[in-house]
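Each remark here refers to the structure printed beneath this line.
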Amino acid sequence: MEPERKKGVVFSKVTKKGKPKQDLIAYLFVSPFFILFAIFGLFPILFSFYIAFQKWNGITAMEFNGFQNFVFVLKDPIFWKSLSNTIIIGILGTFPQLIVAIFLAYALNSALIKLKGLYRAAIFMPYVTSTVAVAIIFGILFSSQDFGLMNVILGWMGMEPVAWSTTEWGVKIAISVMVFWRWVGYNTIIYLAGIQAIPEELYEAAKIDGATLWQRIRYVTIPMLRHVIIFTVFLSTIGALQLFTEPLVYLGRSFREEGITVVLYLWRDAFVNNAFGTASATAVILFFIILLFTSLNVKLSNRIGK
Amino acid sequence: MKKLLWLGLFVIVLLLTACSSNEETDGDGKVTLDFWVFGSAGYENLAEQYMKENPDVKINVNFTEMNDLHNNLFTSISAGSGAPDLTMIEISQIAKFLEASDKFYNLYDYGASEVKDLYLDWKWKLAESVDGKFLLGLPTDIGPTAMFYRVDVFEEAGLPTDPEEVAELISTWEDYYEVAKIIKEKTGKLMSDSPELVFNSLRDQAPEQYFNENDELIIETSPYVKEAYDFATKMIQEGYVGQNSLWTPEWGNAMAEGSYATLLAPSWMVANIKGNAPDAVGKWAVTNMPEGAGNWGGSYIAIPKESKYPEEAYAFVKWLVSPENQYVSFINNGLFPSAPEVYEKEDFVNFSDEYFGGQNTAEVFAKAAESVKPIYMGKNYAIVNTELVNALINVATNGSDPQKEWDEAVERIKSQLERQ
């Protein structure tokens with residue numbers, strides 16, 4: 001072991017001393033990404049941190065106002081409402097979706113199903129559908145009128161029609177269903193890939209030991225999928241915290257309290273009301289919230305992953 | 001080593017130039033004007049004609065959806081790059097862009113005062129700075145409001161159906177309320193399907209609305225907006241007004257079905273009615289709004305400072321919005337003219353719309369246009385309006401208490417205004 005390591009050190013020294021040009025060329029080759037990232041990624045991020053401390057309407061000169069923007073946002077009950085909406089819709093839209101996706105993936109992988117390719121494509125379709133189109137269609141399904149499809153179905157079950165677009169839970173359920181429908185196929189395909197990587201022998205061994213279908217899912221599929229599940233939970237959490245298009249199209253420009261999400265809240269501040277300062281302050285707050293959730297995720301997954 | 005540095009710089013420059021847009025080169029000595037438009041103004045045909053008459057001017061008409069156009073304009077003006085030579089600006093956005101008057105040419109510098117008398121006074125004033133020294137844009141169309149009504153519903157309720165008689169029957173808001181009662185009793189139908197339109201109509205007749213000229217919120221002290229709100233909520237609570245939000249599919253449907261009696265709306269609503277209810281020929285008619293008229297919509301054309309050819313741009317705008325061409329836009333696209341001399345034209349006086357049973361609808365709107373009072377809207381108009389409409393919709397769909405909704409809306413408005 002010892003001599004080999006020494007060799008390596010010596011070798012790297014030689015390159016550094018001998019060919020400094022090569023390093024530079026290498027940096028030059030990777031530079032386009034960093035230049036573009038600096039212009040379109042890093043600069044806007046830093047700029048919004050800067051604007052968060054200014055009062056600015058986008059056209060006239062900026063005016064420094066310290067932490068006032070953060071005070072405005074944190075004092076605003078609608079901001080807290082938007083945060084709780086985001087989390088509730090996130091939970092309603094994400095958890096059932098991940099669970100259903102596992103079973104769908106399992107079913108799609110089973111030998112009993114014919115025309116697998118067709119089903120796989122069909123289940124993935126919602127993901128590639130334009131979000132705006134989805135939101136418009138769901139807006140009609142979840143119409144507040146008595147003749148909206150969902151209200152008709154409720155009627156068959158003997159229930160009163162619901163004013164979907166203006167009630168606390170109506171709005172949240174409608175948006176969550178939209179999110180569910182759109183993302184379930186995406187997660188199913190990821191799980192399907194994970195399931196296909198599980199060795200067949202494990203199932204055979206389980207069968208020989210007399211495991212039922214449920215036991216095979218519970219003790220073979222799910223544990224083997226653990227890393228894939230953690231991955232989807234990560235993505236879904238971040239996605240849920242950034243929910244924007246669905247509520248915007250469903251609510252229109254009314255930005256009703258029942259369905260306003262954090263990103264919608266900051267977008268309204270910036271691009272409807274031209275208060276870029278408070279919008280940036282909200283973005284900064286959201287940044288820390290996502291950071292918090294992600295580190296929670298990392299902690300949990302580290303524990304589960306072991 | 002040096003070579004490499006140069007190479008690196010070259011790459012960076014290449015990337016940067018790839019990001020910035022190409023400068024236009026007018027190789028053949030022509031002046032090229034980019035013109036941003038929204039809606040169905042039919043300006044591309046007029047531009048075509050102008051180019052034939054002025055061969056050294058080339059006009060690129062660039063069509064965008066209304067909200068996108070204003071967002072793009074805002075962004076490019078804020079960034080100082082990418083703005084066109086000419087742009088339409090909608091009336092609700094004009095106050096916002098007046099704030100950035102240093103980013104636009106003052107049309108008074110190009111002789112706009114000469115044409116001032118051609119246009120309705122209230123329309124002109126809205127594009128002027130408060131001190132009257134700066135003019136942002138020349139007026140295009142307007143949206144004077146009137147009362148559309150269903151002839152079949154009025155007939156069923158045993159009421160007169162002739163426009164003049166209806167105007168006489170419903171000459172005040174008190175009458176409107178009484179007629180709502182009769183219609184509900186006799187036919188079971190609603191007076192209006194939209195809380196927003198009833199509220200808008202009363203509000204637009206008031207001499208002041210949400211803000212005073214110092215941009216201070218006045219809805220808590222000024223009586224007019226609250227009166228409009230109270231009237232609308234009273235009608236809602238007593239069951240004479242439906243709960244459709246504007247532009248929803250249900251709203252369009254109700255227009256075709258005739259499930260309500262009146263639609264209080266501006267002149268451009270004609271196109272929406274025809275589109276939503278193509279089979280209802282002869283079932284709609286239009287008459288004066290009770291207690292006068294308001295204005296909803298219409299635009300201006302402005303010249304951003306980035307334009308290199310303000311003179312040529314101004315010459316084109318002046319021509320485009322001249323009474324003659326406003327008349328063309330009216331005949332072809334239904335844009336209601338803001339130049340009153342058009343109202344005297346022969347085809348205008350003899351105008352008749354088959355859809356409205358051959359009625360001269362233009363005359364009704366012309367009368368409305370001349371009775372509109374100039375009001376100050378302010379740059380934060382939309383914030384207040386959105387929240388008040390939310391309050392109205394809550395009263396209509398959730399049956400909540402109007403006063404409580406009003407107070408909450410005022411709270412929401414204030415929390416958004418203090419950030420400005």
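In what follows, every heavy atom counts, from backbone to side chain, and hydrogens, waters and symmetry copies are set aside. Chain letters run A, B, ... following the sequence lines, proteins first and then strands; every chain starts at 1. Computed from a predicted model, the values in this text were never measured in an experiment.
With a 4.5 angstrom heavy-atom cutoff, K103(B) touches chain A only via side-chain atoms. Residue contact with chain B, scored on non-hydrogen atoms closer than 4.5 Å, is absent for F29(A). Neither the backbone nor the side chain of Q68(A) has a heavy atom closer than 4.5 Å to any heavy atom of chain B. Only the side chain of D269(A) has a heavy atom closer than 4.5 Å to any heavy atom of chain B. Residue contact with chain A, scored on non-hydrogen atoms closer than 4.5 Å, is absent for D102(B). For F72(A), the parts lying near chain B are the backbone and the side chain together; criterion is any non-hydrogen pair under 4.5 Å. Heavy-atom distances place the side chain of T60(A), and not its backbone, under 4.5 Å from chain B. Neither the backbone nor the side chain of Y27(A) comes within contact range of chain B, judged by heavy atoms closer than 4.5 Å. Both the backbone and the side chain of I59(A) come within less than 4.5 Å of a heavy atom of chain B. If you measure heavy-atom distances from A100(B) to chain A, the contacts under 4.5 Å come from both the backbone and the side chain.
The environment of E160(A) atom CD is sparse: at most 12 non-hydrogen atoms of other residues, nucleotides or ligands sit within 6.0 angstrom. By the neighbour-count criterion of 12 heavy atoms within 6.0 Å, atom CZ of F49(A) is densely surrounded, having more than that number from other residues, nucleotides or ligands.
Residues from residues 387-394 of chain B that place a non-hydrogen atom less than 4.5 Å from a non-hydrogen atom of chain A comprise E387(B), N390(B), I393(B), N394(B), given in numerical order. Contacts between residues 166-174 of chain A and chain B, defined by a heavy-atom separation under 4.5 Å, are made by T166(A), T167(A). Residues of residues 78-91 of chain A having a heavy atom under 4.5 Å from any heavy atom of chain B, listed by number: I78(A). Among residues 242-249 of chain A, no residue has any heavy atom closer than 4.5 Å to a heavy atom of chain B.
For the set A275(A), S254(A), G139(A), the entry with the most heavy-atom pairs within less than 4.5 Å of chain B is S254(A). Heavy-atom pairs under 4.5 Å with chain B peak, among G277(A), G148(A), S143(A), S165(A), at S143(A).
Atom CZ of R419(B) sits about 4.5 Å away from atom CG of D76(A), to the nearest 0.5 Å. Rounded to the nearest 0.5 angstrom, N273(A) CG and T386(B) OG1 are separated by 8.0 Å. To the nearest 0.5 Å, atoms CZ (R412(B)) and CD (E257(A)) are separated by 5.0 Å. Put simply, CD1 on I383(B) and CZ on F255(A) are 10.5 Å apart, with the number rounded to the nearest 0.5 Å.
The minimum heavy-atom distance between G58(A) and F74(B), with the atom names listed, is CA-CZ, 4.0 Å.
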